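Working notes for the structure below.
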2 protein chains.
Amino acid sequence: MAKHILVVDDDALMRRSISFKLEQSGYRASTAVSAEDALALARRDRPDLILLDIGLPGMDGMEALRHFQNEIENVPVIFVSARRRELDTILGLELGADDYITKPFNPDVLLAHVKAVLRRTAAPAPEPGERPLPITVGDLIIDPAAHTVHVAGQQLDLPAKEFAVLYTLAQEAGYVVAMDDLLNRVWGAEFLGEPQVVYVHVRWLREKIEEDPQKPQRLLTVRGVGYKLVPHEVSKE
Amino acid sequence: MAKHILVVDDDALMRRSISFKLEQSGYRASTAVSAEDALALARRDRPDLILLDIGLPGMDGMEALRHFQNEIENVPVIFVSARRRELDTILGLELGADDYITKPFNPDVLLAHVKAVLRRTAAPAPEPGERPLPITVGDLIIDPAAHTVHVAGQQLDLPAKEFAVLYTLAQEAGYVVAMDDLLNRVWGAEFLGEPQVVYVHVRWLREKIEEDPQKPQRLLTVRGVGYKLVPHEVSKE
DNA sequence: AAAATCGCTCAGAATCTTTTCAGGATGGGA
DNA sequence: TCCCATCCTGAAAAGATTCTGAGCGATTTT
């Protein structure tokens, strides 16, 4: 069964080209010019995914998002932000969008996001209000909900970025996370700065979670590839 | 190896200064005066990124963009627009390019955008379920996701190139991989160096995975052809 | 206001990898 | 057996990557 995707954008050309691309890829696309229209449409014919432009006249994106999530059960929403505006994207994600993408974007990239979100939301029905679970890696416990980290029993306070790095690595515990991946996931795809930031944050992290930061046991670098977080049990005597 | 960037602009000075900056930063740049030329060139030598001027005579930017995206698989494109004015006209069609930048621009800013686009298009988020699986060959276990190798229970850390060689051989375990194949798959088709590098890496590898590097049991050379990786169970006493 | 924190950049140093080089071994066909 | 392309070896050069310490704004805390 073809997934139904609702495209909400006030720009006609945009609507047309997005829905063209989607249909070409086997989805069923419907379009709406405004959030109001979109809501009406969605109530009649529940979409599996909504592509929502933020810069809508009338009801704005944020508000629309709230309505969608109240009225339509469990609909993933991808924000499409009109300009490079970090604020939008961050706010959108905190408000509950499942993903975002900023214009201009490559149609293939859009498609990739659509697929990813559909896959992610399809499998494990995420209970609303369910908190992300803490991740344990050896004697490390990283709790994203509480934003806390425990190392060998001790609680740690980490700045936001450091936490994000650690959490990202923890999600792939045991596996290497490539430098680029790390940058994309922690700093976002729009990040224009130097990749060296990673070194610095890793260093600070190590100063906090490693016994001997010079000889990391938990947060290892895989030269030429990236970093990985591995379990480390305290050696017992 | 060095990423290939295709610069399309009808202004010679522009072409030269952009490609100079790119090459100076370690990229391989080629240039084209027109969209037609660019297409021809791109078909012969697939670029990793295209910097496309919008205000081209002849085939215009949008049309060129469409051609590129149809004909060249998955090529990210950055629009370079001559004026704010022009940009507005395409902002209506924000679908298509991966990024844009307006003239005049600071070369460093251009570079930052190039890097960012390459980064975000390079790494396809490694979905947890889609990690490459470890390969077992005798008492060797090669796990690309963790970037680890186990020989008879012992964990090994291998540098990137060595790992790549081993992994490539492991993928064809039991069969010979020709020298040329190995070079292509590990070093890429555009490798200009001496094929001797392979000997050296094989040697490093043998020193790590063979009990007696002089008498290889796992990584065998097939004279005149290449190398092969074969299972080797430790003889038990 | 001063002080502390955070995120980032920078440049030089330290480290590790990769390649090259030159000579020596080796093995298989003539 | 002899020869020669093919491989191997050790060492050194060349190249990349990562680590460090320091410093700078911006923001928040005191």
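Scope of the values below: all heavy atoms of this structure, side chains included, with no hydrogens, waters or symmetry mates. Bear in mind the structure is a predicted one, so any value in this text is a computation, not a measurement. Letters go in sequence order (proteins before strands), and every chain restarts at 1.
Here the nucleotide nearest the side chain of A/Tyr199, chosen from D/dT18, D/dC8, C/dT18, is D/dT18. The side chain of A/Thr221 has D/dT18 as its nearest neighbour among D/dT20, D/dT18, C/dT18. Across C/dC8, C/dC6, D/dT18, the shortest atom-to-atom separation from the side chain of A/Pro159 is found for C/dC6.
When all heavy atoms of B/Thr168 and B/Val177 are compared, the closest pair comes out as O-CG2, 4.5 Å.
Residue pairs that meet the side-chain hydrogen bond (donor to acceptor under 3.5 Å, both in side chains) test with at least one member in residues 175-195 of chain B, sequence neighbours left out, are B/Gln171-B/Arg185, B/Glu172-B/Arg185. Listed by first and then second residue, the ring-ring contact (aromatic ring centres under 6.0 Å, His included) pairs involving residues 130-168 of chain B are B/His147-B/Phe163 (not counting sequence neighbours).
Straight-line distance from the CG atom of A/Leu205 to the C1' atom of C/dG7: 13 Å, rounded to whole Å. In this structure, A/Leu158 atom CG and C/dC6 atom C1' are separated by 13 Å, rounded to whole Å. Here the P atom of nucleotide C/dG7 and the CD atom of A/Glu207 are 14 Å apart, to the nearest Å. Counting to the nearest Å, the C1' atom of C/dT18 and the NZ atom of B/Lys208 are 12 Å from each other. Atom CG in A/Asp212 sits about 14 Å away from atom P in D/dC19, given to the nearest Å. One can place CG of B/Asp157 at 18 Å from P of C/dT15, the figure rounded to the nearest angstrom. The distance from atom CD of B/Glu210 to atom P of D/dT9 is 11 Å, rounded to the nearest whole Å. In this structure, the CH2 atom of A/Trp187 is 15 Å from the P atom of C/dC6, given to the nearest Å.
Contact annotation for B/Val225: backbone-only contact, meaning every heavy-atom pair under 4.0 Å involves sugar-phosphate atoms and none involves a base. Residue A/Trp204 is classed as a base contact, given a heavy-atom separation below 4.0 Å to a base. Among the protein residues, B/Phe163 comes within range of no part of the nucleic acid, since none of its heavy atoms lies under 4.0 Å from any strand.
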Which pairs, protein N/O on one side and nucleotides 20-25 of chain C N/O on the other, fall under 3.5 Å?
{"from": "C/dT20", "atom 1": "OP2", "to": "B/Glu194", "atom 2": "N", "distance (Å)": "3.2"}

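Residues forming a side-chain hydrogen bond (donor to acceptor under 3.5 Å, both in side chains) with B/Asp143 (at least two apart in sequence, or on another chain): none. Contacts of B/Glu162 classified as side-chain hydrogen bond (donor to acceptor under 3.5 Å, both in side chains), with partners at least two apart in sequence or in another chain: B/Lys208. Partners of B/Asp48 by salt bridge (Lys or Arg N to Asp or Glu O under 4.0 Å), not counting sequence neighbours: none found. Among residues two or more places apart in sequence or in another chain, the salt bridge (Lys or Arg N to Asp or Glu O under 4.0 Å) test is passed with B/Arg28 by B/Asp45. Under the rule for a salt bridge (Lys or Arg N to Asp or Glu O under 4.0 Å), the partners of B/Arg43 that lie at least two apart in sequence or sit in another chain are B/Glu71. Shown here are the salt bridge (Lys or Arg N to Asp or Glu O under 4.0 Å) partners of B/Lys161, two or more places apart in sequence or in another chain: there are none. Every residue two or more places apart in sequence or in another chain that forms a side-chain contact (heavy atoms from CB on, under 4.5 Å) with B/Val117 is listed here: B/Leu49, B/Pro76, B/Ile78, B/Asp98, B/Asp99, B/Arg120, B/Thr121.
For the OP1/OP2 pair of D/dT9 and a distance below 4.0 Å, the side-chain nitrogens and oxygens of B/Gln214 include at least one atom meeting the criterion. Regarding contacts with the backbone of C/dC6, every side-chain N or O of A/Lys161 stays at 4.0 angstrom or more from both OP1 and OP2. The side chain of B/Arg206 places an N or O atom within less than 4.0 Å of a non-bridging phosphate oxygen (OP1 or OP2) of D/dC8. Dashed line: the shortest gap from a side-chain N or O of B/His201 to OP1 or OP2 of C/dT17 is not under 4.0 Å.
For the contact set between residues 174-183 of chain B and DNA chain D, defined by any heavy atom under 4.0 Å, there are no members.
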| said: Treating primed atoms plus P, OP1 and OP2 as sugar-phosphate and everything else as base, which nucleotides of nucleotides 25-30 of chain D get B, S or - for protein heavy atoms under 4.0 Å? | reply: ------
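With hydrogens and angles ignored, the 3.5 Å screen pairs no side-chain donor or acceptor of B/Glu207 with any backbone N or O of B/Pro213. A donor-acceptor pair is defined here as one N or O able to donate and one able to accept, closer than 3.5 Å; such a pair exists between the side chain of B/Glu210 and the backbone of B/Leu219.
Heavy-atom contacts from other residues, nucleotides or ligands closer than 6.0 Å to CD of B/Glu73 number 12 or fewer.
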